[in-house]
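As the structure lists them, so they are numbered: ligands from 1, and atoms in each ligand from 1. Computed from a prediction, not measured in an experiment: that's the story for all the values here.
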Amino acid sequence: MRLKQPLITWKSSGKANSLRILGVNPWIYDFAAYNVWSRPAGLLTCLDMFARSGCDTALIDLMDQDLSDLKWTDHKKTGKGPYPKVALPKPFVLKDVPRQFSRYGLPRQRAVEAFSELDPKPDLILVTSLMTYWYAGIISVIGMIREIMPGVKVCLGGIYATLCTDHARGLDADMVVSGPLERPDNWLRVWELMGKKSPPLPEHAGMIPDTSYYQEPDFSILMCSRGCPFKCPYCASSMLYPGFRQSDPDIVIAHIKAEYERGTRDFCFYDDALLVNPENLLYPVLNFIIEHNYNLRLHAPNALHIKYLTPRICTLLKQAGLSTIRLGLETTDFKNRRDAKLLFEEWRDGIFNLLQAGFVRRDIVVYVLTGLPGQTEEEVEATLRECLKMGIRPELNYYSPIPGTPLFKKAVEVSGYALDEPLFQNNSIWPCVQGGFSWETQKCWKKKIRNPQ
Ligand code: SF4
């Protein structure tokens, strides 16, 4: 039985003859995927910009249960959980990878219904993209759009479109946008595609992810900043968003208030550098949550910078309800770090400050990077040992070679795969590990996480 009729409704600008902009978050095609409070944040900021420029807007998110008849099986109350999936044949070039390939997200038939029932039809469809190696999901969704709504213009943006722009131009979109939509040239081009003159960008363009399209959300997201002041050689943050920009605390607080009033209690930070310059944003936001006794569960699955875990930040995070803590450790080989984001003393003090603030060791999870070009197993094992000795939980994070990053050249040199093909950038295949993914080695790593001796 269907929960809602119609499946998708337009959010009206209140103006007559408004242009209609539909945002689409495509399926994931991969060997593995898990929903860790996932939302297409960039796409939601684009819809906000169009809505505040006088357009009617709507969203079809194929990676959310909102369009499903039922809550997805095992979907946890906090909003995290597995996606439904359908097994698919592997792409031919990945035929030797010993893992099951799947499409994750909303059943195809349900997606067909959502697009078919959309009334009236949009003037422009914005398709977003995330991981570079998920482009099969984009091909599939654009194909569906072409069949159901022939003639409607399609604009492709997001992470894959920014990092692999030339490759993305080979897909069937009418336009590919590289970089943020609020970049003036991108904003101009998208309006030109609709045959219109672009209005001025709305205030705070790019900083407001509009989550109101989700009718029964288990969680919401918080975007306090864009970009990151660091430039780690394995990371694409500075290519996706040059510079570092913080939001206005009043905007973030208004968002929390609105979501809280409709029952949302789980909030996930979407920042790359949440703890930087906390007096501008994080302090007022956390103080608001604390003073209003909101009793929230806050989640920070994007790695927090350990060097900024001061006693004050840790205390406020604890009081405001931070319950998912993920730290960007990468390695404990401090002398030979590939990045400049952490010293040994900062690591030691950061953990100490978290514990002093009342967090317990078993709740602290640190990301350990593995599968980097030229990295030795000994380095990873030493890091695991160090974490376990301290009573905190390491989590292995497999390296994904990202085109345009400083480490990519080295990755190309060591990898057995032709890494200019985005499918080979998938960290599930361990592209820079000799021999690639193997279940046996993975079992070994799992054992080492429990006991690295
Ligand atoms: S600190 Fe984190 S987000 Fe910033 S560049 Fe390094 S890895 Fe990327």
Side-chain angles (χ1 to χ4, degrees), residues 36-39 41-42 45 130-132 158-160 162-163 179-180 206-207 209 221-247 268-278 280-282 299-310 313 317 322 324-334 336-347 349-351 354 364-375 379-380 383 387 394-411 425 427 432:
V36 186
W37 302 287
S38 180
R39 287 276 187 259
T45 66
L130 292 173
M131 299 303 185
T132 57
I159 293 176
Y160 155 74
T162 299
L163 297 176
M207 298 307 290
I221 62 171
L222 297 174
M223 188 192 274
C224 300
S225 60
R226 307 277 305 263
C228 176
F230 292 88
K231 284 197 169 41
C232 302
Y234 42 79
C235 177
S237 181
S238 61
M239 296 165 64
L240 297 170
Y241 202 92
F244 176 62
R245 181 181 171 203
Q246 285 180 294
S247 189
C268 178
F269 289 109
Y270 261 53
D271 302 67
D272 282 342
L274 177 67
L275 308 185
V276 172
N277 301 336
N280 295 346
L281 195 128
L282 194 59
H299 309 284
N302 274 6
L304 296 173
H305 284 109
I306 298 169
K307 72 188 297 165
Y308 296 123
L309 288 170
T310 61
I313 285 192
L317 286 171
L322 182 67
T324 302
I325 313 160
R326 297 289 181 271
L327 307 178
L329 172 63
E330 326 305 3
T331 179
T332 49
D333 185 359
F334 289 96
N336 302 301
R337 284 191 78 91
R338 294 157 192 85
D339 55 48
K341 68 181 180 189
L342 191 63
L343 302 172
F344 168 74
E345 294 74 19
E346 293 165 338
W347 155 241
D349 294 351
I351 296 297
L354 281 172
I364 303 173
V365 177
V366 293
Y367 288 135
V368 175
L369 252 179
T370 186
L372 289 155
Q375 189 180 32
E379 179 196 325
V380 181
T383 304
C387 297
E395 186 174 311
L396 288 180
N397 223 340
Y398 276 89
Y399 168 67
S400 172
I402 304 174
T405 53
L407 207 56
F408 189 69
K409 201 165 158 248
K410 200 162 172 206
Q425 295 158 15
N427 63 353
C432 294

Mind checking whether Trp347 and Phe334 have parallel, tilted or perpendicular rings, split at 30° and 60°?
tilted
Going by side chain to side chain contact (heavy atoms under 4.5 Å, CB included), name the residues that satisfy it together with Arg245, two or more places apart in sequence or in a different chain.
Glu182, Met207, Tyr241
Atoms of protein origin (N, O or S) under 2.8 Å from atom 8 (Fe) of ligand 1:
Cys235 SG
Glu330/Lys341 ion pair, N-O < 4.0 Å:
yes
Closest non-hydrogen protein atom to atom 2 (Fe) of ligand 1, residue and atom name please, with distance?
Lys341 NZ, 3.9 Å
Protein contact to atom 1 (S) of ligand 1 [nearest heavy atom, distance to 0.1 Å]
His305 NE2, 2.9 Å
Would you say Glu330 touches ligand 1, if touching means a heavy atom closer than 4.0 Å?
no
Is a side-chain donor or acceptor of [X] paired with a backbone partner of [Y] at a separation under 3.5 angstrom?
X: Tyr270; Y: Arg39; result: yes
X: Ser237; Y: Gly227; result: no
X: Glu379; Y: Asp333; result: no
X: Ser225; Y: Gln246; result: no

